[in-house]
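Report on the following structure.
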Amino acid sequence: MHVPEAKPLTFRHIPEALDGRAQAGLAEAVAAVLAEAPPFRPTMPRTGTPFSVNMSNCGPLGWVSDKAGGYRYQATHPVTGRPWPPMPELLVDMWRAHARCSALPEACLINLYDARAKMGAHQDRDEADFSAPVLSVSLGDDAVFHVGGLARSDPKVRVVLRSGDVLVLEGPSRLAFHGVDRVVRDTSLLLPEGGRINLTLRRVTKVE
Ligand code: MD3
Ligand code: FE
């Protein structure tokens, strides 16, 4: 009987890409972004079910979702109507250092997790170009993250993402199903209120 080979997962986990001082500087920069672009709670297309994660964005484009408009990128905050604040330079530096992509990121989604928040398995496919990687930076409490394959039912690998870790998703894994099973309370002292912040840098328009 033919047993299909497992497709290799093409992601790179870079533990402690940011040291404690850099994490503190980034947490401060994110707090400044959130003061200008306050967290909002997205809702699911069609059903309007709220996400358990609060979100904001920085950079030229931001990812939003609501019942009426569905998943999309837009240049303005869905509540204030103002443009997203610029991306902190440290994040652009992380992209230059680790993404292996000469085009710069256009969107940085900021996911804010409390101890009860999670993110079900999904694919990131709201971008016009899947050739560019996605780069994620984690701050605060540990998260149990999973990545599978191109089908929802494919086997998954689990990775604990800790404060200061970078994850780069590229090649075939760019369209892999993935999600956050849970955040482990009180595993980091970085954020005064606890919880976890994930910053996801993406290209949205075609790279050429
Ligand atoms: C694997 N965020 O915002 S980041 C998301 O920790 C999202 O907040 C998670 O999934 C979080 O869409 C995971 C790591 C990540 C980002 C994009 C991916 C993993 C990915 C794209 C393909 C495969
Ligand atoms: Fe995702």
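All ligand and atom numbering here is 1-based and tracks the order in the structure. What you see is a predicted model; the values in this text were computed from it and never measured.
- Proximity of Gln123 to ligand 1 is not established, as no heavy-atom distance is less than 4.0 Å.
- For Phe11, the ring-ring contact (aromatic ring centres under 6.0 Å, His included) criterion is met by no residue, not counting sequence neighbours.
- At under 3.5 Å, a nitrogen or oxygen of His178, whether backbone or side chain, sits near a nitrogen or oxygen of ligand 1.
- Every N/O-N/O distance between Arg174 and ligand 1 stays at or above 3.5 Å.
- Contact detail for Ser56 and Phe40: the closest heavy-atom pair is CA-CE2, 3.8 Å.
- Looking at every heavy atom in both residues, Ala176 comes nearest to Leu150 through N-CD2, 3.9 Å.
- For ligand 1 and Leu109, the ligand atoms under 4.0 Å from any heavy atom of the residue are 3 (O).
- Checking His13, Met119, Arg202 against atom 12 (O) of ligand 1, the nearest heavy atom belongs to Arg202.
- A salt bridge links Asp124 with Arg202: the distance from a Lys NZ or Arg NE/NH1/NH2 to an Asp or Glu carboxylate oxygen falls below 4.0 Å.
- With a 4.0 Å cut-off on non-hydrogen atoms, Trp63 does not touch ligand 1 at all.
- Within the listing of ligand 1, atoms 4 (S), 14 (C) sit less than 4.0 angstrom from a heavy atom of Ser136.
- Checking Cys58, Cys108, Pro88 one by one against Leu199, the side-chain contact (heavy atoms from CB on, under 4.5 Å) holds for a single residue, Cys108.
- Side-chain N or O atoms of Glu127 include none that pairs as donor or acceptor with a backbone N or O of Asp129 at under 3.5 Å.
- Here the side chain of Glu170 pairs no donor or acceptor atom with the backbone of Pro133 at under 3.5 angstrom.
- Arg158 contributes no side-chain N or O that, together with a main-chain N or O of Lys156, makes up a donor-acceptor pair within less than 3.5 Å.
- Around the Fe ion (ligand 2), the protein atoms of type N, O or S found under 2.8 Å away are His122 NE2, Asp124 OD1, His178 NE2, listed by chain and number.
- Ion pairing between Arg82 and Glu36 fails under the 4.0 Å rule for side-chain N and carboxylate O.
- Under 4.0 angstrom from ligand 1, there are no non-hydrogen atoms of Leu175.
- Heavy atoms of Arg196 found under 4.0 angstrom from ligand 1 belong exclusively to the side chain.
- With no hydrogens or angles considered, no side-chain donor-acceptor pair links Ser138 and Asp165 at under 3.5 Å.
- Checked by atom type and distance alone, the side chain of Ser188 never pairs as donor or acceptor with a backbone atom of Ser163 at under 3.5 Å.
- No close placement of the His178 and His146 rings is indicated, their centers lying 6.0 Å or farther apart.
- Ion pairing of Arg116 with Asp114 is present here, as a side-chain N (NZ or NE/NH1/NH2) and a carboxylate O approach within less than 4.0 Å.
- For atom 13 (C) of ligand 1, the closest heavy atom belonging to the protein is Phe145 CE1, 3.6 Å.
- Using a 4.0 Å cut-off between charged nitrogen and carboxylate oxygen, Arg182 and Asp141 do not count as a salt-bridge pair.
- The proximity of Ser173 to ligand 1, defined as any non-hydrogen pair under 4.0 Å, is limited to the backbone.
- Ranked by closest heavy atom to atom 11 (C) of ligand 1, the top entry among Phe177, Phe11, Tyr113 is Tyr113.
- The protein heavy atom nearest to atom 17 (C) of ligand 1 is Asp124 OD2, 3.2 Å.
- Remark: distances from the non-hydrogen atoms of Ala176 to ligand 1 include one below 4.0 Å.
- In this comparison of Leu199, Ile110, Asn111, the heavy atom closest to atom 2 (N) of ligand 1 sits on Asn111.
- Distances from atom 20 (C) of ligand 1 to the heavy atoms of Val134, Leu169, Val180 show the closest one on Leu169.
- When only non-hydrogen protein atoms are considered, atom 4 (S) of ligand 1 lies nearest to Asn198 OD1, 3.4 Å.
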